[in-house]
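Notes to accompany the following structure.
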There are 2 protein chains.
Amino acid sequence: MIHIAIVEDSIDAREGFRYLLNLDPDIKVIQAFESAEPLLMQEELLNNIDVILMDIELPGMDGIEATHRIRRAYPDIDILILTIFEEQDKILRAIHAGATGYVLKNSDPTELVSQIKSIREGGSPISPHVARKLLEQMQKSNDQQRTPEDYQLTKREIEICIEIINGYTYREMAEHLNMAGSTAKRHILNVYKKLGVNSKVEFMKKVVDEGLFHIH
Amino acid sequence: MIHIAIVEDSIDAREGFRYLLNLDPDIKVIQAFESAEPLLMQEELLNNIDVILMDIELPGMDGIEATHRIRRAYPDIDILILTIFEEQDKILRAIHAGATGYVLKNSDPTELVSQIKSIREGGSPISPHVARKLLEQMQKSNDQQRTPEDYQLTKREIEICIEIINGYTYREMAEHLNMAGSTAKRHILNVYKKLGVNSKVEFMKKVVDEGLFHIH
DNA sequence: ACGACAATTATCCGTTTAGATGATATAATG
DNA sequence: CATTATATCATCTAAACGGATAATTGTCGT
């Protein structure tokens, strides 16, 4: 039996979902809310539900913020975003807030039950248009990735780059790599020329922008 | 009419998909291949198909590499990965290679037609288990994000931080913000104390690591 | 053998930083 | 009212940095 709470400000949608879901013998809608705050205060309820259907636009706290708070306090609850919004911005924020799925309200409502069941089986239902936005986001960030080879950095220069990224001074990196400070500097300046930058900070920026060297 | 090519090494699966898809009046399977290389050489074919169903494990070039090459040369072709693999690694590589969708072979085969049609309508069908892996990936990297507020940076200090990130010197940022260079410095050093760093480079590293300030 | 490049070191110069110290003014807090 | 935090400016020092120039060594390919 899957226990469900609904947070949805439109009474029609709210009661529609409640009715639809209760038709399934494996699902029980415990309570439906028109805003997030009342749900957040029901501690004993939150300890006994499995899935929350969450709208984004709500009076008071929005569904993304609510998702964030609930997931932090009750990591076992799965939250399925159910909304009309398909802006990349909202989608990403919802996912970062910890949403388990993101379904558009214009989807086939009869599929909602199978989507909820799929959540309990370890899946994350995502409407195709939402998924497209996600993929585009992931592909975009990967578009103009560069590598040290693209700039024809030499072995030694690459070592130096890593030292810079780790915040060392000329002297320190020279010690680590067994060379004179002046040599370390020579290499760095060559790297600057090759990358077209003029300082460590610009260098760092370029490294981050282009994903040169995988930091962390 | 949606024109389709299939790349799938198992003859049973290949002919099964071909049969299944040809049942739909809006879909026509132009050709089915058992490996990627023959498809890549059919230039005139590639100029006339809309969607490719692509397996990952193939004799010779794998489906991910094939996806990469096709997408680079024919960006208008949508590629739907259709595979048994649900490892995060393969999923991510396929997406970075430019896949438009990623469906598991154990999905309901009768849904394949609607998934292909959803692609042509700008969607990206993704099996729920695959989507879960994607969301987990996106959420993981977002775990220990910090904000300027977490370090109680003041308005002025935040302005200074942005100047640093943009690579300006004390003097330059002082001009931009209408203050003396010494004041700019004063602020920076305060920021360093609050963040626990000792130089611009360490500052940059922290900003990158913790996602303080959204660069770009 | 020659040239091109990588790697190494050094020196000089002016600028920029980090760090310390001190001072003033204003707003918020207790 | 006293205290604290913020914002402002100045001065000083030592270290680090960016830029230019020059020289030596080894390797690789032509």
Side-chain angles (χ1 to χ4, degrees), chain A residues 146-215, chain B residues 146-215:
Chain A
R146 296 283 172 79
T147 64
E149 289 76 44
D150 291 339
Y151 291 103
Q152 300 176 10
L153 300 187
T154 66
K155 267 203 315 291
R156 215 57 171 153
E157 286 167 349
I158 290 173
E159 292 175 313
I160 289 283
C161 286
I162 293 168
E163 295 287 315
I164 300 178
I165 291 167
N166 285 323
Y168 296 116
T169 65
Y170 294 155
R171 288 187 187 174
E172 289 168 333
M173 60 186 79
E175 256 193 51
H176 299 164
L177 303 176
N178 295 313
M179 63 175 71
S182 59
T183 310
K185 195 170 117 178
R186 173 76 281 156
H187 286 309
I188 292 173
L189 294 177
N190 285 336
V191 170
Y192 287 176
K193 273 218 180 82
K194 288 181 180 178
L195 300 197
V197 301
N198 310 295
S199 72
K200 285 191 178 183
V201 178
E202 284 182 40
F203 168 81
M204 290 291 283
K205 231 184 127 194
K206 190 148 187 128
V207 167
V208 173
D209 276 359
E210 304 186 352
L212 280 165
F213 311 101
H214 313 260
I215 314 185
Chain B
R146 295 283 172 79
T147 65
E149 290 77 43
D150 291 338
Y151 292 102
Q152 300 178 12
L153 300 187
T154 67
K155 266 203 315 290
R156 216 57 170 155
E157 286 167 347
I158 289 172
E159 291 175 312
I160 291 283
C161 286
I162 292 168
E163 294 287 316
I164 300 180
I165 291 167
N166 284 325
Y168 296 117
T169 65
Y170 294 158
R171 290 187 187 172
E172 290 168 333
M173 60 185 81
E175 257 194 48
H176 299 163
L177 302 176
N178 294 314
M179 63 177 70
S182 59
T183 308
K185 197 171 113 176
R186 170 82 281 150
H187 287 309
I188 291 172
L189 294 178
N190 284 337
V191 169
Y192 286 176
K193 276 224 179 76
K194 288 181 180 178
L195 300 196
V197 300
N198 310 294
S199 72
K200 285 192 179 184
V201 179
E202 283 183 39
F203 168 81
M204 290 292 284
K205 220 185 138 199
K206 192 149 185 121
V207 167
V208 173
D209 276 358
E210 303 186 352
L212 280 164
F213 310 101
H214 311 259
I215 314 185

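Below, read A as the first sequence line, B as the second, and so on, with proteins coming before strands; counting in each chain starts at 1.
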Per-nucleotide protein contact string for nucleotides 13-30 of chain D, where B marks a base within reach and S marks sugar-phosphate only (heavy atoms under 4.0 Å, - for neither):
---SSBB-BB--------
Which whole-number value in Å describes the distance from [X] [atom1] to [N] [atom2]?
X: Met173(B); N: dT16(C); atom1: CE; atom2: C1'; answer: 11 Å
X: Ile160(B); N: dT16(C); atom1: CD1; atom2: C1'; answer: 15 Å
X: Asn190(B); N: dT6(D); atom1: CG; atom2: P; answer: 9 Å
X: Asn178(B); N: dA7(D); atom1: CG; atom2: C1'; answer: 14 Å
X: Met179(A); N: dA6(C); atom1: CE; atom2: P; answer: 15 Å
X: Glu163(B); N: dT17(C); atom1: CD; atom2: P; answer: 12 Å
X: Gln152(A); N: dA6(C); atom1: CD; atom2: C1'; answer: 13 Å
X: Leu195(B); N: dA18(C); atom1: CG; atom2: P; answer: 13 Å

State, yes or no, whether a side-chain contact exists between Ser182(A) and Tyr170(A) at a heavy-atom distance under 4.5 Å.
no
According to the interplanar angle, ranging from 0 to 90°, do the rings of His176(A) and Tyr168(A) count as parallel (below 30°), tilted (30 to 60°) or perpendicular (above 60°)?
perpendicular
So for atom CD, which belongs to Glu175(A), do other residues, nucleotides or ligands contribute more than 12 heavy atoms lying within a distance under 6.0 Å?
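No.
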Which nucleotide wins on minimum distance to the side chain of Thr183(A), given the candidates dT9(C), dT6(D), dT8(D)?
dT9(C)
Side chain of Ser182(A) only, please: which of dA10(C), dT8(C), dC9(D) is the nearest?
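Out of dA10(C), dT8(C), dC9(D), the nucleotide with an atom closest to Ser182(A)'s side chain is dA10(C).
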Tyr151(A) versus Glu210(A), side-chain donor and acceptor atoms under 3.5 Å:
yes
Going by an N to O cut-off under 4.0 Å, is there a salt bridge joining Glu202(B) and Lys205(B)?
no
Would a distance-only check, ignoring hydrogens and angles, find a side-chain to backbone donor-acceptor pair under 3.5 Å from Glu163(A) to Ile160(A)?
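Looks like no, no N/O pair under 3.5 Å.
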Indicate yes or no for a side-chain donor-acceptor contact from Lys194(B) to the backbone of Gln152(B) under 3.5 Å, with no hydrogens or angles considered.
yes
For dA6(C), take OP1 and OP2 only and decide whether either is under 4.0 Å from a side-chain N or O of His187(A).
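No, outside the criterion.
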Distance check: side-chain N/O of Thr154(B) vs OP1/OP2 of dA7(D), anything under 4.0 Å?
yes
